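What follows is a single structure, written as structure tokens, with notes after it.
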Amino acid sequence: DVAAASTADGANVQLWTCNGTAAQSFRIEDVGGGFVRVVNTNSGRALDVAGWSTSDGGNVQQYGYNAQANQQWRLENPSCSGAVVYQHTNYGGYAVTLPLGDYSVAALASRGVRNDDASSLRVPAGCTAFLYEHGDYTGASSLRGSDDSNLVNSGWNDRLSSIRVR
């Protein structure tokens, strides 16, 4: 919750009982390299670790986004064991397990996944997979939070060139 629904730089972010206001609404935006920014929908300002603190009890505030490390967050899911990419629909052909991480076209190739050659995907409960059309996490993208036995239906058949598993 942004204190008092403020829209000012430096406004405190705090724990508060859910009240359904925009002061408690945030969107997550990919900034590359496995990081995201968290933006309050009311103010348009990003979560920011005040004074670049690395200490216990460091304060989190909102501030205009400036692409600095104190405004970039990595979403981790310790319960996620990874996703599995399959060559063919209905989980056929080769299968490659991808643990948590970022996989460029080169990283996928080193694990045996050919470029633009995936037709189904298993994403276990608690995991998220960000699919990208190009090998450098650009182009069209799709967020997946569950299994998909047929990527043809969503226009992603043989289109995957990079992926982030969280």
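Just so you know, these numbers come straight off a predicted model, no measurement behind them. Residues take their numbers from the sequence shown, with the count starting at 1.
Annotation: Tyr63, atom OH; neighbour count of heavy atoms from other residues, nucleotides and ligands within 6.0 Å does not exceed 12.
Between the side chains of Asp117 and Tyr94, at least one donor N or O sits under 3.5 Å from an acceptor N or O.
At distances below 3.5 Å, not a single donor-acceptor pair connects side-chain atoms of Thr89 with backbone N or O atoms of Asn150.
For Glu29, the salt bridge (Lys or Arg N to Asp or Glu O under 4.0 Å) criterion is met by Arg27, Arg37, not counting sequence neighbours. Every side chain to side chain contact (heavy atoms under 4.5 Å, CB included) that Ala106 has, sequence neighbours left out, goes to Ser104.
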Tell me which donor-acceptor pairs under 3.5 Å the side chains of residues 151-158 have, and how far apart each pair is, sequence neighbours excluded?
from, atom 1, to, atom 2, distance (Å)
Ser154, OG, Arg144, NH2, 2.9
Ser154, OG, Leu151, O, 3.3
Asn157, OD1, Ser119, OG, 2.5
Asp158, OD1, Ser119, OG, 3.4

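Counting heavy atoms from C-beta outward, Val49 and Trp73 have side chains that approach closer than 4.5 Å. Using a 4.5 Å cut-off on side-chain heavy atoms (C-beta onward), Asn115 and Leu108 make no contact. Contact annotation: the side chain of Tyr103 never approaches that of Val113 to less than 4.5 Å [non-hydrogen atoms, C-beta and beyond]. Contact annotation: the side chain of Leu121 approaches that of Leu131 to within less than 4.5 Å [non-hydrogen atoms, C-beta and beyond].
The heavy-atom pair separating Leu98 from Arg111 by the smallest distance is CD2-CD, 3.6 Å. Heavy atoms only, all atoms of each residue included: Pro99 and Val165 are closest at O-CB, 3.9 Å. Smallest separation of non-hydrogen atoms from Val2 and Ala11: CG1-CB, 3.9 Å. Annotation for Glu133 and Asp116: closest pair O-OD1, 4.4 Å, computed over non-hydrogen atoms.
In the hydrophobic clustering of ILVMFWY residues, with side-chain heavy atoms under 4.5 Å counting as a link, Phe35 and Tyr65 come out together.
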